[in-house]
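Read through the structure below, which is laid out as structure tokens, and then see the notes.
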Amino acid sequence: MNTFKNLGYASILALGVAAAGCAADPVGTPGGGDDGGSDNGGGDNGSGSGSAQSLDATGKYKMQSTFDIATNVPGTAGEIVNDIIDATDSPDDPTNWVLTQLVNQLPNGTVKTLLNGAIPFVSGYLNDRVLSWAPDFVTTMVQVGNDFGDITKHFGLNETLDITGGGVDGNYSATRTALGAHFVINTQTFDLAFSDYQIANVVVNGVGITMDSTGKLAVAMHKLPLPYGGIIHMGLDAAVIPMVDANAHNLQELLADKIDCQAVGTYINDALVADFGFGPGASAMATACTAGLNAGANAIYSKINSISATALEFDVDGTAKAADTNHDYKIDALQTGKWEGTLSYSGTPAPLAPATFTGARM
């Protein structure tokens, strides 16, 4: 009788341990399975006791990609930086640069001939008074040139990745859409939507997506053509320039705010009167100054806009860790993403420098 009772207690104890073990390891935990195999994501594990639930990647994700394109940056971008710096890099700048822009706007005739012949004298006259008509122009333009040069080489994209399909055998399809740009300038961040600057979103359909049982998500090779000129034009006007002058949102406004054309016109007229006994009038010189600054800004914008005639084209594929953070069997985050491939401009490809991305379910 005692033996029977002891066996009964042993059986009950064994059943209790088994039940506790089942409660600690629920079937269908994302990334898990039961003790009969290492399925790690779904399907029958062969134990005959059921199957773990598969993770689902379908859904729309907010993404941000970061690129370093110093190797691939179009040569024209470097020329534009030089054009901006050109206003500051000579010993007699900014006076020589301002005078050059001004004279270029004058009609052919006596005044233009007179001023051309007097530029060295007028330039010196202006230089002696530069603090009254352009007190911080040089430092401002140097900063603009440096920051603009940086955003031409380093920028990010704000994007969405819309994954569809049944995920049969881990295969999906996706639409990748670039919605705007992300810039970081001196630790300050700027997120600018293409739609706010008359730039069309870049949409790539039919991008292949696969996800294996470990949660590794792979994005198949695809092309992403970017309107590079429009992106850096947007970055210059909406990020770089307001950083150095809160009153300006384009080059014309920046030059007008940093150069007092009324004072320039007065000083040029005074210099001509002092040297030749004749001046065309301060108002005429001020008008030519304003027109010259606008023409100088427009020349820079013309070069920027010409870059978009040829797209900056990414040929990339990517990988990321898909994470289910709330255990609902749906991917919530794309972590430690990396893009690889080539980047080309005007048909000349080069290896893509390290590029990263992250994503979160919307």
Side-chain angles (χ1 to χ4, degrees), residues 61-81 146-162 174-197 199-204 207 209 217-240 243 304-305 307-321 333-360:
Y61 300 84
K62 180 180 180 180
M63 291 206 315
Q64 188 173 91
S65 299
T66 303
F67 300 100
D68 180 346
I69 64 168
T71 303
N72 312 73
V73 65
T76 308
E79 293 176 15
I80 295 164
V81 174
N146 290 338
D147 289 346
F148 179 72
D150 190 45
I151 70 167
T152 65
K153 301 173 185 178
H154 313 282
F155 66 92
L157 289 178
N158 294 325
E159 308 175 84
T160 60
L161 188 69
D162 193 358
T175 297
R176 180 182 179 187
T177 304
L179 302 169
H182 176 80
F183 300 108
V184 180
I185 304 173
N186 301 325
T187 72
Q188 186 167 336
T189 61
F190 298 85
D191 290 288
L192 308 174
F194 290 160
S195 59
D196 291 338
Y197 298 89
I199 301 173
N201 293 340
V202 180
V203 181
V204 184
V207 179
I209 303 287
L217 185 138
V219 183
M221 181 69 70
H222 61 283
K223 292 182 182 296
L224 181 71
L226 292 181
Y228 179 66
I231 291 173
I232 61 174
H233 187 157
M234 175 179 68
L236 176 63
D237 286 357
V240 172
M243 278 276 293
I304 292 175
N305 295 336
I307 297 176
S308 278
T310 301
L312 194 69
E313 191 169 75
F314 293 82
D315 282 275
V316 293
D317 57 22
T319 57
K321 175 65 177 176
L334 305 178
Q335 302 171 340
T336 62
K338 293 182 179 180
W339 296 118
E340 294 183 343
T342 62
L343 179 58
S344 60
Y345 181 77
S346 296
T348 303
L352 180 67
T356 63
F357 69 95
T358 58

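Only this structure's heavy atoms are used, side chains among them; waters, hydrogens and symmetry mates stay out.
From Y61, atom OH reaches atom OG1 of T358 across 13.5 Å, with rounding to the nearest 0.5 Å. Separation of atoms OG1 (T319) and NZ (K321) is listed at 11.5 Å; rounding is to 0.5 Å. Taking CG of L192 as the reference point, atom CZ of F155 lies at 12.5 Å (rounded to 0.5 Å). Atoms CZ and CG, from F183 and D147 in turn, are 12.0 Å apart once rounded to the nearest 0.5 Å. Atom CG of residue L352 and atom CD1 of residue I69 lie 9.5 Å apart, to the nearest 0.5 angstrom. Rounding to the nearest 0.5 angstrom, the gap separating the CG atom in L157 from the OG1 atom in T177 is 11.5 Å.
The minimum heavy-atom distance linking R176 with V316 is given by the pair NH1-CG2, 3.8 Å. Among all heavy-atom pairs drawn from M243 and F190, the shortest one is CG-CZ, 3.5 Å. Heavy atoms only, all atoms of each residue included: H222 and A220 are closest at ND1-O, 2.9 Å. For the pair L179 and N201, the tightest heavy-atom approach, listed with the atom from each and the gap, is CD2-ND2, 3.5 Å. For the pair H182 and T189, the tightest heavy-atom approach, listed with the atom from each and the gap, is CE1-CB, 4.0 Å. Across F194 and A181, no two heavy atoms sit closer than the pair CE2-N, 3.8 Å.
Within the 4.5 Å cutoff, no side-chain heavy atoms of D150 are placed close to those of I185. A 4.5 Å side-chain heavy-atom check between F148 and I304 finds at least one atom pair inside the cut-off. Side chains of P225 and V202 form a contact here, defined as non-hydrogen atoms less than 4.5 Å apart. At least one side-chain heavy atom of I209 sits less than 4.5 Å from a side-chain heavy atom of V219.
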All N/O donor-acceptor pairs, side-chain side in residues 334-348, below 3.5 Å, sequence neighbours left out:
from: W339; atom 1: NE1; to: S65; atom 2: OG; distance (Å): 3.0
from: Y345; atom 1: OH; to: I307; atom 2: O; distance (Å): 3.0

Point to revise | Derivation of the side chain to side chain contact (heavy atoms under 4.5 Å, CB included) call for Y228 and T152 | key: CA-CA 9 Å; Y228 179 66; T152 65; 3.2 Å; yes
**Study point:** side chain to side chain contact (heavy atoms under 4.5 Å, CB included) between I232 and L236, worked out
**Key:** CA-CA 6 Å; I232 61 174; L236 176 63; over 6 Å; no
